[in-house]
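What follows is a short report on a single structure.
All ligand and atom numbering here is 1-based and tracks the order in the structure.
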Amino acid sequence: MAKNAEDRYQSAWGIKADLEICTHQLEEISQIDSFQLGLQDVRDQFQIPQKLYGRDKEVAMLLAAFHRVASSQNYAQKTSEQEQTNNSILNKVEMMLVSGYAGIGKSALVQEIYKPITQKRGYFISGKFDQFQRNIPYSAIASALQKLVQQLLGESDDQVQQWRSRLLTALGSNGQIIIDVIPEVELIIGKQPPVPEVGATEAQNRFNRIFQSFVRVFCSESHPLVIYLKLLII
Ligand SMILES: Nc1ncnc2c1ncn2[C@@H]1O[C@H](COP(=O)(O)OP(=O)(O)OP(=O)(O)O)[C@@H](O)[C@H]1O
Ligand SMILES: [Mg+2]
């Protein structure tokens with residue numbers, strides 16, 4: 001059950017050999033002494049290891065940012081009181097940029113922090129700014145949140161009900177604005193009334209405001225939210 005596949009048993013033969021040693025010791029001395037596992041465990045194919053090499057520092061930096069945001073208390077201690085009052089909301093948001101040429105290991109690096117984050121009950125979602133979806137505003141963010149909503153729909157009925165009431169409180173009568181971008185939301189909050197037609201600027205402002213309230217529903221100390229956005233700059 002080791003994290004990396006290559007650290008696990010590679011063959012049934014290898015497990016069988018070790019179990020036989022156990023049986024043998026039990027029969028001979030009625031206990032199992034510790035012995036080196038997997039000595040007979042040889043894989044018949046060459047496999048490239050999944051382990052990430054030489055990125056401990058970068059992984060630690062990403063995780064440190066997550067912990068600063070997720071445990072707001074520690075963070076508050078580090079910033080001066082003046083800053084705290086000015087940035088009471090910003091305090092709980094951080095953005096980290098990972099850049100580099102194709103294949104250098106950006107995705108592999110970010111993938112490393114998935115496990116520690118979800119272990120802390122954080123939500124980790126990702127979206128990609130596709131070069132073919134350039135004309136769709138917010139496409140990467142919307143598709144990331146779409147995956148989050150799908151994840152929520154898989155939670156218990158009780159939890160879904162809680163999300164429903166939190167979302168309805170946050171969105172009020174503007175739920176349809178979010179459903180237009182992320183149709184799955186309707187599965188949680190049900191059919192919503194149409195929103196009044198307004199001018200372009202007002203519609204944009206309204207969208208920004210409602211979208212922020214929407215995202216904020218998923219950001220809490222018990223469930224910190226990490227959004228991983230991939231973008232390609234040509
Ligand atoms: N430090 C590393 N240790 C081990 N393997 C690595 C490391 N960095 C990258 N790799 C491997 O190299 C390959 C390419 O890495 P990855 O897909 O993360 O690159 P990328 O920067 O995300 O590329 P792209 O810009 O195309 O998205 C993967 O198979 C990855 O596992
Ligand atoms: Mg990548």
- Message: I need the His24 NE2 to Ile29 CD1 distance, nearest 0.5 Å.
- Response: 9.0 Å
- ligand 1 versus Arg55, non-hydrogen atoms closer than 4.0 Å: side chain, backbone, both, neither? side chain
- Nearest protein heavy atom to atom 14 (C) of ligand 1, by residue and atom, and its distance? Gly103 O, 3.6 Å
- Is the Phe207 to Tyr138 ring centre distance short of 6.0 Å? yes
- Message: To the nearest 0.5 Å, what is the distance between CD1 on Ile21 and CG on Leu26?
- Response: 12.5 Å
- Task: Measure the distance from atom 18 (O) of ligand 1 to every protein heavy atom, then report the residue, atom name and distance (to 0.1 Å) of the closest one.
- Result: Ala108 N, 2.7 Å
- Proximal atoms of ligand 1 relative to Leu52 (non-hydrogen, under 4.0 Å): 1 (N), 2 (C), 3 (N), 4 (C), 7 (C)
- Distance flag for atom 11 (C) of ligand 1, protein heavy atom under 4.0 Å: no
- Message: I'd like to check which ligand 1 atoms, numbered from 1 as shown, lie under 4.0 Å from a non-hydrogen atom of Ser107.
- Response: 18 (O), 20 (P), 22 (O), 27 (O)
- For the hydrophobic clusters of this structure (ILVMFWY residues joined by side-chain heavy atoms under 4.5 Å, transitively), does one cluster hold both Leu152 and Leu171? yes
- Message: Using the rule that Ile, Leu, Val, Met, Phe, Trp and Tyr join whenever any side-chain heavy atoms are under 4.5 Å apart, tell me whether Ile141 and Val226 fall into a single cluster.
- Response: no
- Query: Nearest to atom 9 (C) of ligand 1, what protein heavy atom do you find, and at what distance?
  - Reply: Gly105 CA, 3.4 Å
- Task: Hey, could you give me the CZ/CE distance between Arg55 and Met61, rounded to the nearest 0.5 Å?
- Result: 12.0 Å
- Can you tell me the protein heavy atom closest to atom 20 (P) of ligand 1 and the distance? Lys106 N, 3.5 Å
- Query: For ligand 1, which atoms, with element, lie under 4.0 Å from some heavy atom of Tyr53?
  - Reply: 1 (N), 2 (C), 3 (N), 4 (C)
- Message: Rounded to the nearest 0.5 Å, what separates atom CZ in Arg209 from atom CD in Glu202?
- Response: 9.0 Å
- Message: Heavy-atom distances under 4.0 Å decide this one: backbone, side chain, both or neither, for Lys51 against ligand 1?
- Response: backbone
